[in-house]
Trainee: 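To start, I am sharing the structure in question, which I have written as structure tokens.
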Amino acid sequence: MLPHPKAKIHRMFELLEPIATITFSEAVNEAFMALGMRNFWDGYFAGRAAPLGQAPAGVVHAVFYNFTEGEVARHIPWVWGKISPEEAIAVRERSSAAVLRQRIGELAGAPGLVRAADLATRAALSATAEGRALYAGLRELDVPDEPVARLWHAATLLREHRGDGHNAVLVAHGIGGTEAHVLMALALGMRAEEFGRIHHLPKARLAAVVDGLRRRGLVDATGGFTDAGRETKERIEALTDELAAPAYDVLGADELDELIAGLEPIAAAL
């Protein structure tokens, strides 16, 4: 039996996601553009891959998992000719914390945020890093002292810890990165070609991915879920939550409830 109910582990994902993904906002993009990045994706790869150092495109592609062949190579290593990984880490943290602080308003100075940041950081630093390359890279970074920045950092650590585990589950189920996006689209009630992360792909390439899922019995003739496909997607999400759970073992039941309660108004504000 897990130390904490599965529903609470998934609730943590829901609450941390808007905090961590503030780093993909327009203001953060503008901060990267000011340092010579050409577009959003330059800043995305520079910021997110920076904890891996100047890793080659093939390594970043493998760790990130869900980008199609060639997408990473359009940005890595080009970005490292304009900015160092250390600079990317600094601008990402500074600008993400600034956006988070602005969006949550008075909550930024509340005692509840400090407590949430402390609890989230304890959890974020407590998990084992084996098999989780991106989480391990982030674990090597200094934890910010300022509470809002510390909360963002902890949320990012926990997000990438969960993401590394999610990729492991996808590999175990034989689901490739683009296939995972197709399954996500269907789970959201969208057709594959409507999903933002893959709608730009050549129609023939995307059709080949959907056809592969159809041959495996996961997608039906109309491009929707089969029962087996839906069950597979649900199993992947459940196992992802299970692999994310050990990060919260360090917290007692009351502390996890306190963390959830502290994060809820912050997530709502976002």
Side-chain angles (χ1 to χ4, degrees), residues 2 5-18 20-26 29 39-41 44-45 48 57-58 60-75 132 134 158-245 267-268 270:
L2 293 173
K6 290 182 181 180
K8 291 186 179 181
I9 302 302
H10 192 76
R11 181 59 177 153
M12 282 301 302
F13 161 66
E14 295 173 335
L15 293 171
L16 292 170
E17 186 74 358
T21 57
I22 204 84
T23 200
F24 306 132
S25 66
E26 182 59 31
N29 178 50
N39 51 46
F40 169 83
W41 291 109
Y44 173 94
F45 283 108
R48 192 166 177 235
V60 177
H61 175 81
V63 172
F64 283 15
Y65 194 78
N66 59 5
F67 288 88
T68 58
E69 200 66 42
E71 283 188 300
V72 175
R74 288 199 287 271
H75 309 276
R132 300 178 191 260
L134 195 48
L158 290 165
R159 180 180 193 264
E160 299 296 13
H161 175 270
R162 187 182 192 277
D164 285 340
H166 183 62
N167 292 345
V169 175
L170 292 172
V171 171
H173 284 78
I175 302 295
T178 306
E179 291 176 324
H181 285 309
V182 172
L183 297 185
M184 177 61 74
L186 299 184
L188 293 172
M190 303 168 63
R191 301 189 65 79
E193 59 270 21
E194 298 170 333
F195 191 51
R197 279 289 290 109
I198 53 176
H199 73 78
H200 65 287
L201 296 179
K203 290 183 179 180
R205 182 188 297 184
L206 188 52
V209 172
V210 175
D211 284 344
L213 292 170
R214 186 176 291 116
R215 287 193 295 273
R216 294 168 59 185
L218 302 178
V219 172
D220 62 25
T222 67
F225 268 138
T226 61
D227 289 343
R230 185 173 289 103
E231 290 170 5
T232 296
K233 174 62 175 170
E234 291 172 354
R235 184 165 62 250
I236 287 170
E237 294 305 319
L239 287 173
T240 296
D241 285 339
E242 286 188 27
L243 290 181
L270 297 173

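Keep in mind it's a predicted model, so treat the numbers as computed, not measured.
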Trainee: Run the side chain to side chain contact (heavy atoms under 4.5 Å, CB included) test on L218 and V182 for me, step by step, so that the C-alpha distance in whole Å, both residues' side-chain angles and the decisive distance to 0.1 Å come before the verdict.
Mentor: CA-CA 11 Å; L218 302 178; V182 172; over 6 Å; no
Trainee: Between R132 and E160, is any pair of side-chain heavy atoms under 4.5 Å apart?
Mentor: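 Result no, sub-4.5 Å side-chain heavy-atom pair not found.
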Trainee: Side-chain donor-acceptor pairs under 3.5 Å in residues 194-205, sequence neighbours left out?
Mentor:
unit_1	atom_1	unit_2	atom_2	d
E194	OE1	R191	N	2.9
H200	NE2	E71	OE2	2.9

Trainee: Please step through side chain to side chain contact (heavy atoms under 4.5 Å, CB included) for the pair R162 and F13, ending with a clear verdict.
Mentor: CA-CA 8 Å; R162 187 182 192 277; F13 161 66; 3.6 Å; yes
Trainee: Where is the tightest heavy-atom contact between G217 and A228, given as atom of each residue plus distance?
Mentor: O-CB, 3.7 Å
Trainee: Looking only at heavy atoms, which two atoms of T226 and V219 are closest? And how far apart?
Mentor: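 For T226 and V219, the tightest heavy-atom pair comes out as CG2-C, 3.5 Å.
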Trainee: If I take atom CG from residue D211 and atom CG from residue L206, how far apart are they, to the nearest 0.5 angstrom?
Mentor: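 So the gap between those two atoms works out to 9.5 Å.
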Trainee: How many angstroms lie between atom CG of D220 and atom CG of D227, to the nearest 0.5 angstrom?
Mentor: 9.5 Å
Trainee: Check the pair R235, E231 against salt bridge (charged side-chain N to carboxylate O under 4.0 Å, His left out), reporting the backbone distance first and the verdict last.
Mentor: CA-CA 6 Å; R235 184 165 62 250; E231 290 170 5; 5.5 Å; no
Trainee: Evaluate the side-chain proximity of I9 to K6: yes if any heavy-atom separation is below 4.5 Å, no if none is.
Mentor: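 With C-beta onward as the side chain, the pair stays apart.
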Trainee: Check whether any side-chain heavy atom of V60 sits under 4.5 Å from a side-chain heavy atom of F67, and report yes or no.
Mentor: no
Trainee: Show the numbers, then the answer: is there a side chain to side chain contact (heavy atoms under 4.5 Å, CB included) between F64 and L134?
Mentor: CA-CA 8 Å; F64 283 15; L134 195 48; 3.8 Å; yes
Trainee: Measuring only between side-chain heavy atoms, which start at C-beta, is N167 closer than 4.5 Å to V63?
Mentor: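 Sidechains of V63 and N167: no contact.
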Trainee: Nearest heavy-atom pair of H166 and T240: which atoms, and what distance?
Mentor: ND1-OG1, 2.8 Å
Trainee: How far apart are the closest heavy atoms of G174 and R216, and which atoms are they?
Mentor: O-NH1, 2.9 Å
Trainee: Specify the closest pair of heavy atoms between A57 and A73, including all atoms of both residues, with the distance to one decimal.
Mentor: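 Scanning both residues completely, I find the closest heavy atoms to be CB-CA, 3.9 Å.
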Trainee: For E234, is there an ion pair with R230 - N to carboxylate O distance below 4.0 angstrom?
Mentor: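 No.
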Trainee: Which atom names give the shortest non-hydrogen contact between L186 and G223, and what distance separates them?
Mentor: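 L186 and G223 have their closest heavy atoms at CD2-O, 3.2 Å.
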Trainee: Do L239 and H173 have side chains that approach each other closer than 4.5 Å (heavy atoms only, starting at C-beta)?
Mentor: yes
Trainee: Does some side-chain heavy atom of R159 sit less than 4.5 Å from a side-chain heavy atom of L16?
Mentor: no
Trainee: Between the main-chain N or O of N66 and the side-chain N or O of H181, is there a donor-acceptor pair closer than 3.5 Å?
Mentor: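 Yes, because the side chain of H181 sits within donor-acceptor range (under 3.5 Å) of the backbone of N66.
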Trainee: Assess the residue pair E69 and H61 against the criterion (side chain to side chain contact (heavy atoms under 4.5 Å, CB included)); give the C-alpha distance rounded to whole Å, side-chain angles, the decisive distance to 0.1 Å, and a yes or no.
Mentor: CA-CA 8 Å; E69 200 66 42; H61 175 81; 3.7 Å; yes
Trainee: Are side-chain heavy atoms of R11 and E14 found at a separation under 4.5 Å?
Mentor: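 Yes, their side chains come closer than 4.5 Å.
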Trainee: With the side chain counted from C-beta on, respond yes when H75 and Y44 share a heavy-atom pair under 4.5 Å apart, and no when they do not.
Mentor: no
